[in-house]
J.: 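Structure below; questions to follow.
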Amino acid sequence: MEIKQKKRDEIPNEFKWNLEDLYPTPEDWRKDVDSLPASIDEITAFQGKLTTGKALAECADIYFTTSEKTSRIYSYAMMKLHEDSNISASQGMSIIAESESTKFYAASSFIIPEILTHDEKTILDFINTTPELKIYEHFLKNLLREKAHIRSAEVEEVLANASEVGNSSSNIYDMLCSADMKFGKIQDAEDNTVEITHGNFITLMQSPDRRVRRDAFTTYYSVYQALENTIATMLSSSIKKDMFYAKARNYTNTLEAELSDSNIPRKVYEELIKTVHEYLPAMHRYTALRKKALKLDELHMYDVYTPLVEEADIKISYQEAKEKVAVGLVSLGDEYVSAMVKGMESGWIDVYENEGKESGAYALNAYGVHPYVLLNHEDTLSDMLTLAHEMGHAMHDYYTCENQPYVYGHPNIFLAEVASTVNETLLMEYMIKTTEDHKTRTYLLGEYLEQFRGTIYRQVMFAEFEMITHSMAEQGEPLTLETLKNVYRELNVKYYGPDMIIDEEIDLEWARIPHFYSAFYVYQYATGYSAALAFAKRIQMGGEKARDDYLGFLKAGGSDYAIEILKKAGVDMSTPEPVRAALQVFEELVGEMEKALI
């Protein structure tokens, strides 16, 4: 029997997100698109006139109102595309949305350079004497911090217009992977013919049948191998784009440029990698433990995802997943859980995979409406944790939008992975504590260890790969296919240790990671996980203050620098201590698992 991927219209509506909350029809979306030129004209009318606090406040109001509209236009178009990238109308909408966004940012690019023609004293005087500007105080002070990297109005306009070209590597990669690449078919453990997709690849890699894992692994990567030179060129081009923008904005290097927007010290990135290196022996113990638990003579990269305890075959339907997530997060309080449950039942979520749908999972902040969540649910424990994770993002967006104006309505990317991982951690620890069956509990311990491997060790390995490859390009070394493969292979050897066979296919794993087209993002999964673990421990210890501090963090949005928002809530990420504490938990879990498997 052949198991085929479903078409979009075969998915029941109850499992689809409700984009009508954003725009009732595509025609309504088109009306907003058509209204943009008039809004842009209102903004450009201020050019050369930002000479008073009042004029600055009026311009800012119109700019952020138009930015909200532009963001809504873009979000709707992207979600329509991500439902099914094979639909030409949706492809056209995404092209229009990106083009209109570029026009908006190009037309408004004069604002920041013009503000910064004033000295610091003048801008602070504007803030102190113009009540309407108080809402923009943090925004304006942050501009002063970034003044050395903001160019003239003419240069800013060129950079804004160039963004469409700059994003072409990422756009081509997305279209190649989502619409054009087909990964072939294999026989599953029941001898069904299964088409491999981005959505089911990890599920196949979790199969207790090693033949299925190996077949899925080699078949999947053979498609990337056939396109390896093309994808290497895409990634190299994307890195060159990062270098162009860093140089254009007077940054020393690409890492400094990417961290600057969040005001994150470079030492946070470097200390993260250094601290994880200190705990690589714990990772190597875990690799050896996996080899022993699976009773293998050789541990291969296609053995990484399968559960350590084969007997615990946990299937969790989507309905059960929602119920368990609500119960597992009860320590966050009635207010939080009630709002989350209402969201899960109110058209926030697109649940199941279909042909042409975007792979993976994400949450999207549609300010002024409600968050949206994309899933590719497969009824596994991992998918239940993904639901908790993405609802963490969604609730962060929900609380932010309820409590912050649009200017601060998007949490800084350094904060983005904290709330999602708090949810995952609380749910996992709840399940471990409440599960009495030894095999199931051991299974859960194994999955918890996998969270650490996947979220800290793996993401920091990715972060190190990005740092090495960007540094090589900045020093004039060509990023050829062989260079990228060799760098990635050496990192796998370092991180997984002597008990892992590094299969040649894994040399190309970087080719399937879309995050590499958003440079220096992935390290924040590890910092976010570490901060989340610190929050979770405080919340589990009880007390209204810990919960209130956490809700305060969720409500803060982007109203201050990320490091400061976390400090106010009781977690100091300017030091390596939260990362070290998280890795000590991992070390303890390895020890507990070693005892459980005796």
Side-chain angles (χ1 to χ4, degrees), residues 1-8 10-12 14-17 82-84 177-178 181-217 219-220 302-310 312-325 328 344 348-363 373-394 420 423-424 427-428 431 440 443-444 446-448 450-451 454-455 512 514:
M1 181 176 75
E2 182 174 346
I3 300 175
K4 293 185 177 180
Q5 210 174 358
K6 289 186 177 181
K7 302 284 188 183
R8 179 73 180 175
E10 295 178 299
I11 306 293
E14 65 185 288
F15 300 117
K16 297 176 183 176
W17 51 24
H82 291 167
E83 289 178 349
D84 187 348
C177 293
S178 298
M181 292 176 78
K182 303 297 179 186
F183 296 98
K185 301 171 183 177
I186 63 166
Q187 302 302 118
D188 68 11
E190 287 75 42
D191 207 33
N192 297 311
T193 301
V194 179
E195 181 180 358
I196 302 174
T197 66
H198 289 299
N200 68 12
F201 174 63
I202 296 301
T203 301
L204 291 168
M205 292 288 286
Q206 292 169 336
S207 171
D209 188 323
R210 200 177 192 210
R211 191 270 308 161
V212 172
R213 301 199 303 267
R214 183 176 59 247
D215 287 355
F217 182 79
T219 303
Y220 184 77
Y302 48 80
D303 300 315
V304 166
Y305 291 96
T306 192
L308 293 177
V309 182
E310 182 179 330
D313 183 18
I314 299 177
K315 287 289 183 184
I316 304 170
S317 71
Y318 178 62
Q319 182 60 37
E320 291 173 322
K322 289 190 293 182
E323 293 168 0
K324 288 179 182 292
V325 168
M344 289 193 292
W348 289 16
I349 306 177
D350 204 83
V351 181
Y352 294 116
E353 183 181 21
N354 58 255
E355 187 177 310
K357 185 176 175 181
E358 180 78 358
S359 63
Y362 66 70
V373 171
L374 180 138
L375 302 175
N376 283 277
H377 193 84
E378 291 269 347
D379 290 355
T380 65
L381 172 65
S382 175
D383 289 319
M384 181 180 72
L385 291 169
T386 296
L387 173 62
H389 180 102
E390 297 304 336
M391 286 307 297
H393 283 306
S420 55
N423 278 17
E424 269 196 270
L427 177 60
M428 178 60 82
M431 292 181 68
T440 302
Y443 176 90
L444 291 169
E447 292 303 295
Y448 200 10
E450 268 300 285
Q451 280 189 21
T455 312
R512 76 174 189 89

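For this chain, numbers begin at 1 and follow the sequence in order.
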J.: If every non-hydrogen atom of Met205 is compared with every non-hydrogen atom of Arg213, which pair is closest and at what distance?
T.: O-CD, 3.1 Å

J.: Flag the pair Tyr362 / His82 as yes when their ring centroid distance falls below 6.0 Å, and as no otherwise.
T.: yes

J.: Nearest 0.5 Å, what's the CZ-CG distance between Arg210 and Asp303?
T.: 4.0 Å

J.: Any donor and acceptor pair, going by atom type alone, linking the side chain of Asp350 with main-chain N or O of Trp17 inside 3.5 Å?
T.: yes

J.: Can a donor-acceptor pair be found between the side chains of Asp383 and Thr380 at a distance below 3.5 Å?
T.: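 A pair is found: one side chain offers a donor N or O, the other an acceptor, under 3.5 Å apart.
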
J.: Return the minimal non-hydrogen interatomic distance between His198 and Tyr220, and the atom names on each side.
T.: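 That would be ND1-OH, 3.0 Å.
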
J.: Minimum heavy-atom separation for Ile316 and Ala321, please, with both atom names.
T.: CG2-N, 3.6 Å

J.: Can a donor-acceptor pair be found between the side chains of Gln319 and Glu323 at a distance below 3.5 Å?
T.: yes

J.: Measure across Gln187 and Val212 and return the closest heavy-atom pair with its distance rounded to 0.1 Å.
T.: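 Minimum heavy-atom contact is O-CG2, 3.9 Å.
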
J.: Using side-chain contact (heavy atoms from CB on, under 4.5 Å), reason through Arg512 and Met181 one step at a time and then give a plain yes or no.
T.: CA-CA 11 Å; Arg512 76 174 189 89; Met181 292 176 78; over 6 Å; no

J.: Starting at OG1 of Thr386, measure out to CE of Met384 and round the result to the nearest 0.5 Å.
T.: 10.0 Å

J.: Taking atom CD of Glu14 and atom NZ of Lys16, what is their separation to the nearest 0.5 Å?
T.: 11.0 Å

J.: Take Leu444 and Leu381 through the side-chain contact (heavy atoms from CB on, under 4.5 Å) test and state the conclusion after the steps.
T.: CA-CA 9 Å; Leu444 291 169; Leu381 172 65; 3.7 Å; yes

J.: For the CG atom of Asn354 and the CG atom of Asn376, what is their distance to the nearest 0.5 Å?
T.: 8.0 Å

J.: Can you name the closest pair of heavy atoms from Ala216 and Phe201 and give their distance?
T.: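 So the two residues come closest at O-CE1, 3.7 Å.
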
J.: Test Thr197 against every option in Lys357, Lys182, Glu353 by the side-chain hydrogen bond (donor to acceptor under 3.5 Å, both in side chains) rule and name the one that passes.
T.: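 Among Lys357, Lys182, Glu353, the one meeting side-chain hydrogen bond (donor to acceptor under 3.5 Å, both in side chains) with Thr197 is Glu353.
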
J.: Step by step, would you call Met428 with Leu385 a side-chain contact (heavy atoms from CB on, under 4.5 Å)?
T.: CA-CA 8 Å; Met428 178 60 82; Leu385 291 169; 3.6 Å; yes

J.: Can you tell me if NZ on Lys324 sees more than 12 non-hydrogen neighbours from other groups inside 6.0 Å?
T.: no

J.: Which value, rounded to the nearest 0.5 Å, describes the distance between Tyr352 atom OH and Phe15 atom CZ?
T.: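 Tyr352 atom OH to Phe15 atom CZ measures 4.5 Å (nearest 0.5 Å).
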
J.: Just by distance, do the side chain of Ser359 and the backbone of Gly199 share a donor-acceptor pair under 3.5 Å?
T.: no

J.: Would you compute the distance between atom CZ of Arg211 and atom CG of Asp188 and round it to the nearest 0.5 angstrom?
T.: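 So the gap between those two atoms works out to 7.5 Å.
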
J.: Do Glu390 and Leu375 come close enough that some side-chain heavy atom pair is under 4.5 Å?
T.: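 Glu390 vs Leu375: side chains touch.
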
J.: For Glu195 and Phe183: C-alpha separation, side-chain torsions, deciding distance, then whether side-chain contact (heavy atoms from CB on, under 4.5 Å) applies.
T.: CA-CA 7 Å; Glu195 181 180 358; Phe183 296 98; over 6 Å; no

